[in-house]
Undergrad: 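Dumping the structure here so I can ask a few things about it.
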Amino acid sequence: MSKALQPVRGTRDLIGAEARLHQAVGDTARRIAGLYGFEEWFTPIFEDTRVFARGLGETSDVVSKEMYTFEDRGGESLTLRPENTAGVCRALVTNGLTQSLPQKVFYNGPMFRYERPQKGRYRQFYQIGMEVLGSAEPLSDAEVIAAGWHIIQALGIADGVVLEINTLGDAESRDAYRAALVAYFGAHEKKLSADSRVRLAKNPLRILDSKDEGDRQLVAAAPVITEFLTPAARAHHEAVLRQLAAFGVPLRENPRIVRGLDYYSHTAFEFVTDRLGAQGTVMAGGRYNGLVEEMGGPPTPSVGWAAGMDRLAMLMEAAGAAPAVVRPVAVLPMDEGAEARAIEAAQALRQAGETAVMEYRGNLKRRMERANKAGARAAVLVAADGALQWKDLVTGEQRGITLGDLGRG
RNA sequence: GCGGUCGUAGCUCAGCAGGUAGAGCGCCAGGUUGUGGUCUUGGAUGUCGCGGGUUCGAGCCCCGUCGAUCGCCCCA
């Protein structure tokens with residue numbers, strides 16, 4: 001045991017039920033995204049460090065203290081992606097797709113963040129995400145959110161999850177609001193928590209979602225973004241809310257929703273749950289109108305979200321929505337001479353789309369036991385003379401069949 | 001990065017004024033010379049996370065370390 005190597009802190013193996021859960025999340029999300037006309041993109045797991053430093057904001061926590069950044073043998077500064085929106089925007093630009101907008105993108109894969117691990121929070125974690133690149137229309141905001149809700153429903157976890165939505169307004173609205181917040185919290189600085197005093201200087205909006213009780217009381221009386229929205233920003237937000245209603249997505253307006261990454265503006269939303277302890281955010285995103293430009297492209301207004309597969313999988317498990325395991329048919333030779341014929345039978349089943357397993361060793365009793373443990377629903381018993389019998393492992397019934405019967409289930 | 005809790009067989013856990021470890025499940029073999037699930041008999045397995053210290057003696061005490069976990073921070 002002392003010599004056994006362990007997985008690196010914050011990483012783990014996905015095997016068995018956990019693997020199946022993750023697979024179900026990815027497959028379901030991909031399928032639903034397809035229903036909305038989104039196509040999957042595969043971008044590199046590491047990028048030029050500048051992709052993230054520029055995209056997410058140099059001062060954001062993710063960039064300033066959570067990235068896996070290293071120099072490769074050629075002396076380039078590379079970074080394991082901490083999220084995938086910046087990479088997708090970079091790919092849009094490098095592939096010349098800013099000429100054919102909008103692009104509707106789905107992705108699925110591992111992300112890396114150097115954080116203190118906790119349940120539902122890992123250093124290598126998995127995200128799915130959807131992005132609409134190149135549309136400023138409120139309908140694109142509403143549709144990606146609706147697709148996200150559709151996925152949550154399809155996973156069978158909608159019960160404990162609710163959409164909270166807010167707007168951060170455009171740059172003009174946001175600057176005015178930020179100034180108002182600084183003035184308000186500045187006047188009450190002595191009552192703020194230590195953390196929030198730091199936020200006041202660095203990112204005053206962040207005080208809004210503080211968990212500190214004292215902060216919360218101050219926040220309750222703080223100015224609200226809606227008072228500072230420009231007419232255009234207000235119109236956008238109202239249109240998004242209206243269309244979400246048309247999509248049938250239940251929501252709760254929450255003026256305290258804020259985003260941690262710098263690229264967001266206008267719509268900001270989170271699907272949250274109270275069933276995962278401190279890791280309550282399950283899917284989150286918003287509109288980002290400046291990111292593609294940061295990657296060297298033309299102004300390209302976009303919206304999207306990302307969701308933690310690990311958290312979705314945990315919710316599925318808690319909801320008893322775990323995917324069923326496929327029950328195979330076991331093909332068992334009764335004597336050594338029957339092996340070739342058994343292979344033929346197994347292949348016939350597989351050609352017909354049936355999952356077939358062959359136990360590799362032991363006498364018939366041993367193979368039967370293994371087939372049973374593997375959850376086989378039936379066994380095909382193969383005699384040396386080539387005769388086949390079908391044994392239903394649930395009822396125990398057994399009858400003679402021919403090779404041709406196997407193709408017909 | 002900060003604070004709390006925890007770490008014993010593959011899994012879930014018990015153990016104790018400090019005297020070098022147990023149960024259930026699982027696993028292996030038999031009861032059954034070609035047929036599983038139930039039942040039954042027997043068997044194997046741990047450097048008690050790792051390193052150091054205190055002690056005649058430590059799974060039980062102390063320190064460190066690694067990992068998990070809860071909260072903060074941050075975020076998906």
Side-chain angles (χ1 to χ4, degrees), chain A residues 1-12 15-16 25 56 60-67 81-85 108-129 148 193-196 198-199 202-203 206 209-213 215 258-261 269-273 276-285 304-315 330 332-338 359 362-384 389-398:
Chain A
M1 212 48 176
S2 58
K3 280 185 189 161
L5 265 18
Q6 293 182 322
V8 171
R9 181 169 164 84
T11 71
R12 73 262 168 74
I15 293 174
V25 171
L56 319 195
S60 66
D61 278 48
V62 169
V63 171
S64 61
K65 46 192 183 197
E66 294 177 0
M67 296 204 305
R81 61 185 187 194
E83 58 100 64
N84 205 32
T85 302
N108 166 201
M111 309 294 162
F112 307 84
R113 251 119 98 159
Y114 189 84
E115 293 186 278
R116 177 93 177 242
Q118 259 176 54
K119 191 198 290 186
R121 193 171 84 177
Y122 306 98
R123 290 182 171 180
Q124 173 172 336
F125 59 104
Y126 298 83
Q127 285 189 332
I128 52 174
S193 65
D195 282 331
S196 284
V198 174
R199 293 185 180 110
K202 215 175 112 189
N203 189 352
R206 272 278 155 197
D209 62 356
S210 171
K211 286 175 186 169
D212 180 86
E213 197 40 52
D215 288 352
V258 149
R259 302 279 70 208
L261 306 177
F269 64 91
E270 294 179 1
F271 285 93
V272 298
T273 176
L276 292 179
Q279 274 62 52
T281 302
V282 125
M283 177 182 282
W305 53 255
M309 297 175 75
D310 313 87
R311 295 180 187 177
L312 293 170
M314 281 191 281
L315 284 176
L332 313 177
M334 293 197 281
D335 315 278
E336 274 180 36
E359 298 307 333
N363 57 24
L364 184 56
K365 172 183 157 66
R366 156 73 359 106
R367 293 188 199 222
M368 268 293 204
E369 284 173 354
R370 287 181 185 282
N372 199 57
K373 270 170 207 150
R377 65 184 183 88
V380 173
L381 305 176
V382 185
Q389 301 206 68
W390 177 272
K391 174 161 181 149
D392 187 308
L393 290 179
V394 178
T395 63
E397 284 171 32
Q398 187 170 329

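A note on names: the letters A, B, ... follow the listed sequences, proteins ahead of strands, and every chain is numbered from 1.
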Undergrad: Got a donor-acceptor pair under 3.5 Å from the side chain of K391(A) to the base of U35(B)?
TA: yes
Undergrad: May I ask you to check whether S210(A) and D215(A) show a side-chain donor-acceptor distance below 3.5 Å?
TA: yes
Undergrad: Is there a donor on the side chain of R206(A) or the base of C73(B) sitting less than 3.5 Å from an acceptor on the other?
TA: no
Undergrad: Given the structure, check if the side chain of N372(A) and the base of G36(B) hold any donor-acceptor pair shorter than 3.5 Å.
TA: yes
Undergrad: If the cut-off is 4.0 Å, is R366(A) near the phosphate of A29(B), judged by side-chain N/O to OP1 or OP2?
TA: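 Checking A29(B) against R366(A), a side-chain N or O does come within under 4.0 Å of OP1 or OP2.
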Undergrad: How far does the P atom of G52(B) sit from the matching atom of U41(B), given to the nearest Å?
TA: 45 Å
Undergrad: Got a donor-acceptor pair under 3.5 Å from the side chain of R12(A) to the base of G67(B)?
TA: no
Undergrad: Can you find a pair of side-chain heavy atoms, one from R121(A) and one from R311(A), that are under 4.5 Å apart?
TA: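 A side-chain contact under 4.5 Å exists here.
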Undergrad: Applying the salt bridge (charged side-chain N to carboxylate O under 4.0 Å, His left out) test to D61(A), which of R113(A), R199(A), K202(A) qualifies?
TA: K202(A)
Undergrad: Could you walk me through whether K373(A) and E369(A) satisfy the salt bridge (charged side-chain N to carboxylate O under 4.0 Å, His left out) test, starting with their C-alpha distance in whole Å, then the side-chain angles of each, then the deciding distance to 0.1 Å, before giving a yes or no?
TA: CA-CA 6 Å; K373(A) 270 170 207 150; E369(A) 284 173 354; 5.0 Å; no
Undergrad: Specify the residue among R199(A) and R116(A) whose closest nucleotide of RNA chain B lies further upstream toward the 5′ end.
TA: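 Nearest nucleotide further toward 5': that of R116(A).
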Undergrad: Given the structure, check if the side chain of R121(A) and the base of C74(B) hold any donor-acceptor pair shorter than 3.5 Å.
TA: yes
